Amino acid sequence: DARNLLLYLRKYESRIYELSKTSLVLAVIYPLFQSGRAGFARAFQYAGLMGLFFWTSHVLALVAKQNVPNASGFIAMETAYLVVQFGLFALVLGFIYRGAE
């Protein structure tokens, strides 16, 4: 129901805000990315590059700095999460810019 949705949104409000802010910044940078590809190929290439950057700077950095009890499980979970996140991001970018090239 609506009350549960509001509780959920409040609980994850900062995470939702951060993801939205990151996506907006990446979307603004995208037109500057020239890879020689077009359409969805360009979008997936860009999202893969940005996803790899975020993976190394967030996931690997955290495991290197902190004592993570199940490091391999954490890395696998975060990797899956980032693959989904940046995969959806690439689909949206490809759809938005499908006729721009």
Side-chain angles (χ1 to χ4, degrees):
D1 65 358
R3 194 175 116 211
N4 285 337
L5 177 61
L6 286 175
L7 290 173
Y8 177 83
L9 290 175
R10 283 188 185 147
K11 182 176 180 181
Y12 295 104
E13 183 178 8
S14 65
R15 185 72 174 144
I16 292 169
Y17 172 74
E18 287 300 318
L19 288 174
S20 299
K21 185 174 69 172
T22 301
S23 297
L24 180 65
V25 169
L26 291 174
V28 168
I29 295 170
Y30 179 70
L32 304 174
F33 178 73
Q34 301 298 323
S35 68
R37 304 271 178 147
F40 284 97
R42 178 178 169 217
F44 275 95
Q45 193 175 35
Y46 176 73
L49 181 64
M50 294 298 108
L52 182 62
F53 169 74
F54 276 86
W55 184 77
T56 57
S57 65
H58 290 88
V59 178
L60 292 185
L62 181 82
V63 172
K65 293 177 187 176
Q66 304 292 323
N67 183 13
V68 179
N70 182 5
S72 60
F74 175 79
I75 291 171
M77 178 188 68
E78 288 293 316
T79 300
Y81 167 76
L82 286 172
V83 166
V84 170
Q85 178 184 354
F86 282 93
L88 291 173
F89 177 65
L91 287 173
V92 170
L93 279 178
F95 180 75
I96 290 170
Y97 288 96
R98 69 188 178 279
E101 284 90 19

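We count residues from 1, following the sequence as given. Keep in mind that what you see is a predicted model, and the values were worked out from it rather than measured.
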- Query: Do Ile75 and Trp55 come close enough that some side-chain heavy atom pair is under 4.5 Å?
  - Reply: yes
- Message: Restricting to non-hydrogen atoms, name the atom on Ala47 and the atom on Ala90 that form the minimum distance, rounded to 0.1 Å.
- Response: CB-CB, 3.6 Å
- Task: Calculate, to the nearest 0.5 Å, the distance between atoms CG and CG belonging to Leu93 and Leu88 respectively.
- Result: 11.0 Å
- Task: Indicate, with yes or no, if Phe53 and Ile29 share a hydrophobic cluster defined by side-chain heavy-atom contacts under 4.5 Å among Ile, Leu, Val, Met, Phe, Trp and Tyr.
- Result: yes
- In this structure, CG of Leu60 is separated from NZ of Lys65 (nearest 0.5 Å) by 11.5 Å
- Spatial distance of atom CZ (Arg42) from atom CZ (Arg98) [nearest 0.5 Å]: 14.5 Å
- Would you indicate whether the side-chain heavy atoms of Phe44 and Leu91 approach each other to under 4.5 Å? yes
- Query: Do Val83 and Val92 sit in the same hydrophobic cluster, where Ile, Leu, Val, Met, Phe, Trp and Tyr count as joined when their side-chain heavy atoms come under 4.5 Å apart?
  - Reply: no
- To the nearest 0.5 Å, what is the distance between CZ (Phe40) and CD (Gln45)? 15.0 Å
- Determine whether Phe74 and Leu62 make a side-chain contact, defined as any pair of heavy atoms from C-beta on separated by less than 4.5 Å. yes
- Query: When rounded to the nearest 0.5 angstrom, what is the spacing between CD in Gln85 and CE in Met50?
  - Reply: 13.0 Å
- Query: Roughly how far apart are Tyr46 OH and Phe89 CZ, rounded to 0.5 Å?
  - Reply: 5.5 Å
